[in-house]
Undergrad: 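First the structure, which I've put down as structure tokens, then a few questions once you've had a look.
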Number of protein chains: 2
Amino acid sequence: MGITKTEHFTDKQNAIAVMAKALGHPARIAIVEYLLKVDACICGDIVNELPLAQPTISQHLKELKSAGIIKGSIEGNAICYCIDEKAIDKLRNYFDAISVKIEKKKSNCC
Amino acid sequence: MGITKTEHFTDKQNAIAVMAKALGHPARIAIVEYLLKVDACICGDIVNELPLAQPTISQHLKELKSAGIIKGSIEGNAICYCIDEKAIDKLRNYFDAISVKIEKKKSNCC
DNA sequence: TAACTATATTGCAATATTACGATGAAGATT
DNA sequence: AATCTTCATCGTAATATTGCAATATAGTTA
């Protein structure tokens, strides 16, 4: 197999999973953190920051983009990537909600 | 390849990535949501709830456990799984921090 | 326009993931 | 003790991911 049975789950579950999966790699976490660190979102130097080859970075950027975590705009012959706040908000709200639910339960057997 | 170069990244980056990766599958999101929904964390009926075979569920539970998202305790011949609040808190804090940083910047080019 | 720069795509090898049937292990029930 | 129930593990097939060298694409500059 190796194929995920997305059709059995809700759109929301799939949406969260897609975003989480995109962040499920340390290089992609490092990219996100780098985009946060630099003041303007002038990119491309990501390749110089990370110990990975340019095609590998490009591929990770593509995955982050297709998951909606970052967005890119053309800036001359370079490309300016930056974090898409909406995606982060969705994740934040999701984990906030889980925390609240856990807090409410606290009946706990484990 | 197919092998992630974890050694090039910080422990924190790897830790977040491991948790995100564990949640990067809709079945595992569904499991977490089910554990939140049921009042007591009596499990095993997860298999009845989800459209996946028992070995598949077992494998997903193992991954969630090894990522620290859930913990399990033996309850007779059944096993009681529940969410580990600490992991959720870590994720929540992480995305909160990112949100704050995005908010502070707002210089934004894209 | 030719060369340069920045990023994307292609193609490939190595490894990981997903899924499940068959089977195993351990406590519960009869 | 034999059986049942519950969950884990093994083995295997199909597919996905990771990483990079080579190459392509597109804007920029000389």
Side-chain angles (χ1 to χ4, degrees), chain A residues 1-9 13-14 17-18 20-31 34-35 38 40-67 70-82 109-110, chain B residues 1-9 13-14 17-18 20-31 34-35 41-67 70-82 109-110:
Chain A
M1 300 277 147
I3 189 165
T4 295
K5 293 192 161 181
T6 54
E7 71 274 15
H8 293 313
F9 304 100
Q13 286 169 338
N14 280 309
V18 163
K21 189 177 186 180
L23 294 172
H25 191 293
R28 293 195 288 264
I29 290 289
I31 289 172
Y34 181 71
L35 291 182
V38 292
C41 50
I42 308 148
C43 313
D45 15 47
I46 300 174
V47 175
N48 301 319
E49 276 284 308
L50 299 189
L52 293 169
Q54 180 266 325
T56 308
I57 302 281
S58 185
Q59 199 173 291
H60 282 310
L61 287 168
K62 190 179 175 184
E63 275 175 66
L64 283 170
K65 196 174 171 189
S66 86
I70 62 174
K71 49 191 173 174
S73 59
I74 297 167
E75 198 94 358
N77 76 347
I79 292 192
C80 163
Y81 280 112
C82 58
C109 37
C110 334
Chain B
M1 301 274 146
I3 190 166
T4 296
K5 293 192 159 179
T6 54
E7 70 275 15
H8 293 312
F9 304 99
Q13 286 170 338
N14 281 310
V18 163
K21 189 176 184 179
L23 293 172
H25 191 291
R28 294 195 288 265
I29 291 288
I31 289 173
Y34 181 72
L35 291 182
C41 50
I42 308 149
C43 311
D45 14 48
I46 299 174
V47 176
N48 300 320
E49 276 283 309
L50 299 189
L52 293 168
Q54 180 268 324
T56 307
I57 302 282
S58 187
Q59 200 174 289
H60 283 309
L61 286 168
K62 191 180 175 184
E63 276 175 65
L64 283 170
K65 196 175 171 186
S66 85
I70 62 174
K71 48 192 174 173
S73 59
I74 297 167
E75 198 93 359
N77 76 345
I79 292 192
C80 162
Y81 280 113
C82 56
C109 39
C110 336

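Lettering of chains follows the sequences in order, A, B, ..., and the numbering in each one begins at 1.
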Undergrad: How would you list all residue pairs meeting salt bridge (charged side-chain N to carboxylate O under 4.0 Å, His left out) that involve residues 52-61 of chain A, not counting sequence neighbours?
TA: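 Listed by first then second residue: nothing to list.
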
Undergrad: In this structure, how many angstroms lie between the P atom of C:dA6 and the CD1 atom of A:I57, rounded?
TA: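 Rounded to whole Å, this separation is 15 Å.
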
Undergrad: D:dT25 C1' sits how many Å from A:I79 CD1, rounded?
TA: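 Roughly 11 Å, once rounded to whole Å.
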
Undergrad: I need the B:N14 CG to B:E7 CD distance, nearest 0.5 Å.
TA: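 CD of B:E7 is found 9.0 Å from CG of B:N14.
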
Undergrad: Rounded to the nearest Å, what distance is computed from the CD atom of residue B:E49 to the C1' atom of nucleotide D:dT6?
TA: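 Taking CD of B:E49 and C1' of D:dT6, I get 17 Å after rounding.
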
Undergrad: When rounded to the nearest 0.5 angstrom, what is the spacing between CG in A:L64 and CD1 in A:I70?
TA: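 A:L64 CG to A:I70 CD1: 4.5 Å, rounded to 0.5 Å.
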
Undergrad: Output the distance between atom NZ (A:K21) and atom NZ (B:K21), rounded to the nearest 0.5 Å.
TA: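 Those atoms lie 9.5 Å apart.
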
Undergrad: Nearest whole angstrom, please: distance from the P of C:dT17 to the CD of A:E63.
TA: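 Result: 14 Å.
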
Undergrad: Could you check whether any side-chain heavy atom of B:E75 comes within less than 4.5 Å of a side-chain heavy atom of B:S73, counting everything from C-beta outward?
TA: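 Yes, side chains in contact.
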
Undergrad: Can you measure B:N48 atom CG to D:dT5 atom C1' for me and round it to whole angstrom units?
TA: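 Computing the B:N48:CG to D:dT5:C1' distance gives 12 Å.
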
Undergrad: Over all strands shown, is A:K21 touching base, sugar-phosphate only, or nothing at heavy-atom distances under 4.0 angstrom?
TA: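 Counting heavy atoms under 4.0 Å across all strands, the contact made by A:K21 is with sugar-phosphate only.
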
Undergrad: Side chain of A:Y81 only, please: which of D:dA8, C:dT18, C:dT7 is the nearest?
TA: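 Closest nucleotide to the A:Y81 side chain: C:dT7.
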
Undergrad: B:L61 CG to C:dT17 C1': how many Å, rounded?
TA: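 In whole Å, C:dT17 C1' lies 16 Å from B:L61 CG.
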
Undergrad: Name the atoms and distances for all side-chain donor-acceptor pairs under 3.5 Å in residues 46-62 of chain B, with sequence neighbours left out.
TA:
from: B:H60; atom 1: ND1; to: B:R28; atom 2: NH1; distance (Å): 2.9

Undergrad: What string of B, S and - do you get for nucleotides 19-30 of chain C 5' to 3' if you count protein non-hydrogen atoms under 4.0 Å?
TA: BBBB----BS--

